[in-house]
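A short write-up of the structure that comes next.
This chain uses plain numbering: 1 for the first residue, then up along the sequence.
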Amino acid sequence: MTRQWKSGELEIVACDCCGHRKSSGVYRRPDGLDVVRCLECGLHFLNPRPVAAALERLYDATYFANGSGTVG
């Protein structure tokens, strides 16, 4: 499923590894999110990325349940 992101659901972030703010685009995922590469340390990450509230909607309890109904 391709999800359309609203501007309020995304946040621009610095690199989680080194805190550098400059990056270059690597590719766009099918859901429209951009994978970027930090120009300082080379870490690849989403930027902008979904805010915590948007992630909670994507990864609800059913995401983690397998066919037997157990969580794991």
Side-chain angles (χ1 to χ4, degrees):
M1 174 177 108
T2 301
R3 186 182 195 310
Q4 296 298 316
W5 296 96
K6 298 174 185 166
S7 62
E9 295 179 314
L10 300 174
E11 62 183 347
I12 296 174
V13 296
C15 175
D16 287 323
C17 185
C18 71
H20 198 70
R21 291 209 159 268
K22 293 190 178 181
S23 60
S24 63
V26 176
Y27 67 92
R28 178 161 286 181
R29 295 171 12 149
D31 61 1
L33 296 175
D34 292 320
V35 175
V36 299
R37 179 184 170 277
C38 175
L39 295 178
E40 183 68 20
C41 72
L43 180 73
H44 288 66
F45 59 99
L46 295 177
N47 203 18
R49 68 178 176 203
V51 297
L55 287 177
E56 291 170 2
R57 287 194 301 275
L58 288 175
Y59 299 109
D60 62 8
T62 59
Y63 178 85
F64 297 100
N66 66 22
S68 66
T70 59
V71 176

**Request:** Any chance you could lay out the side chain to side chain contact (heavy atoms under 4.5 Å, CB included) test for Asp34 and Asn47, step after step, and finish with the verdict?
**Result:** CA-CA 6 Å; Asp34 292 320; Asn47 203 18; over 6 Å; no

**Message:** Count I, L, V, M, F, W, Y as connected when their side-chain heavy atoms are under 4.5 Å apart, and connections chain through other members. Are Tyr27 and Leu10 then in the same cluster?
**Reply:** yes

**Complete:** Heavy-atom closest pair (Leu33 atom, Trp5 atom, distance to 0.1 Å) is CG-NE1, 3.6 Å

**Message:** Testing the basics here: between Cys18 and Cys15, what is the closest heavy-atom pair and its distance to 0.1 Å?
**Reply:** N-SG, 3.5 Å

Taking only distance into account, with no hydrogens and no angle test, what donor-acceptor pairs under 3.5 Å do side-chain atoms of residues 35-46 form with protein atoms, sequence neighbours excluded?
unit_1	atom_1	unit_2	atom_2	d
His44	ND1	Gly42	O	3.1

**Request:** Please list all pairs passing the side-chain hydrogen bond (donor to acceptor under 3.5 Å, both in side chains) test where one or both residues lie in residues 16-26, with sequence neighbours left out.
**Result:** Asp16-Arg49

